[in-house]
Amino acid sequence: MISHELVSSLSETKLVNVRDLAVLSVENDLKMKEAGSSQVIRFKRQHEFFEDGDLSRHFYIRDVLTSIGKVKETSKLSLFCCQTAGCSHVFDTLESYEHHYNTMHRNVCTTCKHFFPTARLLDIHIFECHNSIFEIMAGKGNMYQCLVEGCAENFKNSMERENHLVTMHLYPSDFHFDKTKKSRSKNNQNLISRKDASMDIVTGEDSCVESMEIGVVRFEDKSSESLPPTKIPSTCLHTKYRIPSTICFGQGAVRGFSFKK
Amino acid sequence: MWRRRKQRDTSVPVLEELRAQWRERETALRKARREEQLISKRLLRDLTEEGAHGSDDHMLEENAQSHFMSVEQIAKLIEDLQREPEQMITPLTALRHSLRRNDVRLMFTRVEDSMRVLVALFTCPFTDIQMEAARCLHELSHSNELQVSMACLPATPYLLTYLSGYSQQFTVLCLYTLGNLIVDSEEVRNRLLLQGVIPTFAKCTQSPHMDVQEALGYAFSQLLQSKEAPEKIIPMVLESGLTQDILRILLSCTEEWFGVAIEMAWCLHYIVSSHVNNALLISQGLVSKLVPFLIEKAALITKQESLDLELLICPVIRCLGNLLGEVDSSGTKVEVQDGRLLIALFVFIQHFKDEHPFMVRECLWAVNNLTVQDPVWTSALLNVNLLPALLQLLAHSKDVFLMIATILHNIADLGLGYCQQLREKGVLPCLTPALRDDDIQVARISLELLNKLLTYCPDVAGDFFHNSGLQIIELHKDKPDLQQQVQAVWNKYQELIKGTSGPPSMD
């Protein structure tokens with residue numbers, strides 16, 4: 001249908017400028033042209049012209065299976081240990097090690113050893129908790145940054161930020177936000193009264209881990225349903241952690257990013 | 001990593017059954033699309049766990065049968081997930097298996113504290129538990145029940161936050177989960193927009209991982225195809241500059257990355273076909289970048305016949321078609337230089353015409369927008385002798401016929417020289433069967449084209465009326481929808497015989 005010469009031109013690097021080709025002169029009746037139906041056609045995406053192609057797309061989405069749900073068997077290795085100082089987590093696949101490392105050792109505050117899911121949250125933590133001039137600056141202006149990506153709002157204090165996150169960004173109201181010294185001491189009291197409900201593992205080391213903290217109860221539900229103290233399973237963790245007392249699992253637990261001074 | 005499900009070897013009766021199932025699904029999808037209700041979700045499943053021998057829906061359903069859970073069992077399991085953390089992984093995995101069942105998903109969301117506990121595990125600092133909880137959320141996201149996706153809302157700030165993390169596998173899982181939740185309701189999308197989904201996606205475009213990019217493209221395309229996207233989402237996307245990133249990724253995809261390229265190409269299509277600000281996209285060089293992309297893919301197809309790229313080429317052709325249709329305030333179209341684009345479009349037509357006929361129609365639409373009112377591109381089409389290829393396709397299908405007839409009509413519209421070319425290439429004999437067609441659309445456009453040819457090349461009239469012209473007029477003269485066209489041709493006939501003898505009556 002199409003000559004070989006034309007097809008081979010597709011593989012060449014040099015373009016064929018259409019304006020260099022001979023152009024037939026246009027001799028049409030203007031009146032006729034105005035009345036003619038020659039015009040460009042544009043389609044909106046819901047147009048039935050696109051129906052068959054869209055169906056192909058949807059079949060593709062529905063039929064594609066991606067086998068990343070679990071680590072592939074082929075990548076199984078003999079057991080190996082996390083090389084990070086103070087961590088003895090054991091792995092049998094590279095993928096689980098990578099996930100562990102990226103989650104627990106990548107965005108770690110060198111001062112207080114807390115870890116965070118993203119670099120941005122770590123930066124905010126360091127700025128707010130370990131920057132000596134932050135408090136002075138915070139007294140003068142709005143220094144608390146919004147935690148949402150792309151939001152440029154700043155606030156006087158963490159409570160204001162919390163309100164903003166809940167009202168403007170529709171974060172869950174039980175989201176556990178950063179704590180200033182004052183609010184933390186108040187929360188600590190809460191915690192003490194509920195200590196039996198927290199999963200508190202202490203090894204005596206002063207390294208502690210914390211990502212999106214699961215902790216401090218700030219609502220009064222189910223306080224009667226205290227849970228027994230439990231230990232972290234060695235089978236799934238392979239290591240001992242000292243979980244800060246602000247972290248608790250189970251009923252009544254609330255979630256959020258935490259910044260601990 | 002992506003792949004299509006492999007069809008297992010099947011006997012003829014089973015094949016028939018599969019075909020019937022396929023037709024049934026196709027009908028359902030068409031109906032959903034017409035009602036603007038068509039949504040699809042992508043499922044990640046562990047193939048090694050399922051048995052790697054082709055996991056189709058049927059098989060997944062079968063496996064799911066053994067994972068039923070009653071409300072009491074779910075409640076007990078939720079309790080276990082809080083009270084016995086040393087055994088958390090096992091009940092969590094059991095939960096994940098059960099969540100493949102739609103009834104269990106619904107029951108799960110109704111059990112008190114269920115989502116709160118699951119989200120707590122999803123955000124816990126223990127990676128194994130966290131990953132398993134993420135898989136449970138992914139299973140939930142695959143539900144078609146609005147109630148289930150609404151129950152997943154408390155997880156969205158965390159799903160979005162984890163996208164900026166470094167754990168590739170985890171990010172991918174979060175992206176597919178978000179992509180599934182996004183299509184469920186406007187409320188979910190509003191919430192995600194407020195929680196910064198667009199800047200977060202923009203950040204993900206920097207990821208060097210193929211899996212992350214493909215998952216991102218999927219989630220983003222789900223967001224862009226929503227009903228309210230043209231008003232609410234696409235303006236934000238254009239402002240964020242995300243389209244440039246999407247284009248950059250699309251253009252840089254090598255053959256191994258075609259799964260990514262497909263997702264990105266559909267994202268672009270949804271943006272362009274919303275017609276929000278295509279002038280901006282043109283000014284950013286979208287057309288000039290897509291043209292070499294298509295030429296390169298056409299060259300690839302001619303070298304590897306087995307390559308099935310319709311899912312990649314289709315959305316790119318659509319972008320090009322719509323952008324070529326843009327006319328600025330001074331009435332100027334976007335300028336394309338490389339004449340090989342025409343050849344590429346015809347290569348695609350040739351390649352896809354049997355297996356994916358819709359591609360023929362869509363490529364022809366691009367040809368139409370390229371050549372309409374454009375003597376340079378129309379001359380190029382005639383010069384490189386692509387007219388015979390067009391005429392061969394006239395009998396392909398009605399849709400294809402209508403598009404080709406439109407292109408021919410546009411060519412004829414340019415006047416004498418062009419009509420002579422059409423005549424020399426034998427357009428009129430090819431058109432004769434269509435002129436007799438009962439279908440009004442087919443007959444109308446054929447008559448209009450005939451009228452153009454008769455106007456510019458009066459010398460063809462003698463032959464035409466002598467052979468079949470009067471019969472054709474007779475055939476259509478009582479059809480009210482064709483009155484104007486029949487009258488125009490009749491006038492031509494009168495002019496012809498006026499030159500020879502007196503005018504006959506139309507009756």
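Please read all numbers here as calculations on a predicted model, not as lab measurements. Keep in mind that the numbers below use all heavy atoms, side chains included, and drop hydrogens, waters and symmetry copies. Residue numbers start from 1 in every chain, and the chains themselves are labelled A, B, ... in the order their sequence lines are given, proteins ahead of strands.
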Please name all residues satisfying side chain to side chain contact (heavy atoms under 4.5 Å, CB included) with B:Ala215, sequence neighbours left out, ordered by chain then number. B:Val172, B:Leu175, B:Tyr176

If you take all heavy atoms of A:Leu10 and B:Ala298, which pair is closest and at what distance? CD1-CB, 3.9 Å

Contact leader toward chain A among B:Ser221, B:Gly196, B:Ala299, where contacts are heavy-atom pairs under 4.5 Å: B:Ala299

Going by heavy atoms in the side chains, are A:Tyr97 and B:Thr127 under 4.5 Å from each other? no

Are B:Arg30 and A:Asp52 side-chain neighbours, meaning at least one heavy-atom pair lies under 4.5 Å? yes

Tightest non-hydrogen contact, residues B:Ala380 and A:Leu21, listed as CB-CD1, 3.8 Å

Check whether any side-chain heavy atom of A:Phe49 sits under 4.5 Å from a side-chain heavy atom of B:Asp399, and report yes or no. no

For the student: nearest non-hydrogen atoms of B:Ser40 and A:His58, plus distance: OG-ND1, 2.6 Å

Quick check on B:Asn369 against chain A: is it the side chain, the backbone, both or neither that has a heavy atom closer than 4.5 Å? both

State, to 0.1 Å, how close A:Thr103 and B:Ser167 come at their nearest heavy-atom pair, and which atoms those are. OG1-CB, 4.5 Å

Would you call B:Arg33 and A:Glu48 a salt bridge, taking side-chain N to carboxylate O under 4.0 Å as the test? no

Any donor-acceptor pair under 3.5 Å from B:Arg340 side chain to A:Glu12 backbone: yes

Pick one of side chain, backbone, both or neither for B:Leu300, based on which atoms fall under 4.5 Å of a heavy atom in chain A. neither

Find the one option among A:Ser11, A:Gly53, A:Ser56 whose heavy-atom pairs under 4.5 Å with chain B are most numerous. A:Gly53

Report the option among B:Arg318, B:Gln225, B:Gln337, B:His356 that has the most heavy-atom pairs separated by less than 4.5 Å from atoms of chain A. B:Arg318

Rounded to the nearest 0.5 Å, what separates atom CZ in B:Arg191 from atom NE2 in A:His169? 13.0 Å

Would you mind reporting whether B:Met131 and A:Glu95 have side-chain heavy atoms less than 4.5 Å apart? no

Part of B:Pro388 within contact of chain A (heavy atom distance under 4.5 Å): neither

Toward chain B, the part of A:Ser25 with a non-hydrogen atom under 4.5 Å: backbone

Of all heavy-atom pairs between A:Val40 and B:Gly325, which one has the smallest distance, and what is that distance? CG2-O, 3.3 Å

Under 4.5 Å from any heavy atom of chain A, what part of B:Ile198 do you find: side chain, backbone, both or neither? neither

Work out which heavy atom in A:Leu170 is nearest to a heavy atom in B:Leu194; give both atom names and the distance. CD1-CD1, 3.6 Å

Checking the side chain of A:His100 only, and the main-chain atoms of B:Asp128 only, is there a donor and an acceptor separated by less than 3.5 Å? no

Under 3.5 Å, is there a donor-acceptor pair between the side chain of B:Asn383 and the main chain of A:Ala22? yes

Could you please spell out the steps behind the side-chain contact (heavy atoms from CB on, under 4.5 Å) verdict for A:Ser9 and B:Ile343? CA-CA 9 Å; A:Ser9 75; B:Ile343 300 157; 3.9 Å; yes

B:Val336 portion near chain A, given a 4.5 angstrom heavy-atom threshold: backbone

If the plane angle is over 60° it's perpendicular, under 30° parallel, otherwise tilted; pick one for A:Phe59 and B:Trp22. parallel

Would you mind checking which part of B:Gln420 comes under 4.5 Å of any heavy atom in chain A, side chain (CB onward), backbone (N, CA, C, O), both or neither? neither

Are any non-hydrogen side-chain atoms of A:Arg120 and B:Ser164 less than 4.5 angstrom apart? no

For chain A, which of B:His269, B:His138, B:Gln392 has the most heavy-atom pairs under 4.5 Å? B:His269

Do you know which of B:Phe346, B:Tyr418, B:Phe170 has the most heavy-atom pairs under 4.5 Å to chain A? B:Tyr418

Chain B heavy atoms under 4.5 Å from A:Asp20: which part of the residue, side chain, backbone, both or neither? neither

For A:Phe50, is the NZ or CZ atom of B:Arg361 found under 6.0 angstrom from the centre of its six-membered ring and inside 45 degrees of the ring axis? no

Does the side chain of A:Tyr60 come within less than 4.5 Å of B:Ile262's, by heavy atoms? yes

Which answer fits A:Arg57, side chain, backbone, both or neither, if we ask what part of it has an atom under 4.5 Å from a heavy atom of chain B? both

If you measure from the Lys or Arg side-chain nitrogens to the Asp or Glu carboxylate oxygens, is any gap between A:Lys14 and B:Asp338 under 4.0 Å? no

Pick from A:Gln46, A:Met168, A:Arg106: which one has the most heavy-atom pairs with chain B under 4.5 Å? A:Arg106

At a heavy-atom separation under 4.5 Å, does A:Leu6 approach chain B through its side chain, its backbone, both, or neither? both

Return the option, out of B:Glu36, B:Gln350, B:Gln195, with the maximum number of heavy-atom pairs under 4.5 Å with chain A. B:Gln195

Return yes if some donor-acceptor pair links the side-chain N/O of B:Asn322 with the main-chain N/O of A:Phe43 below 3.5 Å, else return no. yes

B:Glu326: partners by salt bridge (charged side-chain N to carboxylate O under 4.0 Å, His left out), with sequence neighbours left out: A:Arg42

Gap between atom OG1 of B:Thr171 and atom CG of A:Asn102 - 0.5 Å precision: 8.0 Å

Side-chain (B:Ser379) to main-chain (A:Leu24) donor-acceptor, under 3.5 angstrom: yes

Rounded to the nearest 0.5 Å, the CG atom of B:Leu160 sits from the OG1 atom of A:Thr118 at a distance of 12.0 Å

Mind checking whether B:Arg34 and A:Glu51 have side chains closer than 4.5 Å, heavy atoms only? yes

Separation between NZ of B:Lys227 and CZ of A:Arg45, rounded to the nearest 0.5 Å: 10.5 Å

So CD1 of A:Ile61 and OH of B:Tyr218: to nearest 0.5 Å the spacing works out to 5.5 Å

Which bit of B:Gln421 comes within less than 4.5 Å of chain A, counting heavy atoms only: side chain, backbone, both or neither? side chain

Separation between CG (B:Leu43) and CZ (A:Arg62), nearest 0.5 Å, reads 12.0 Å

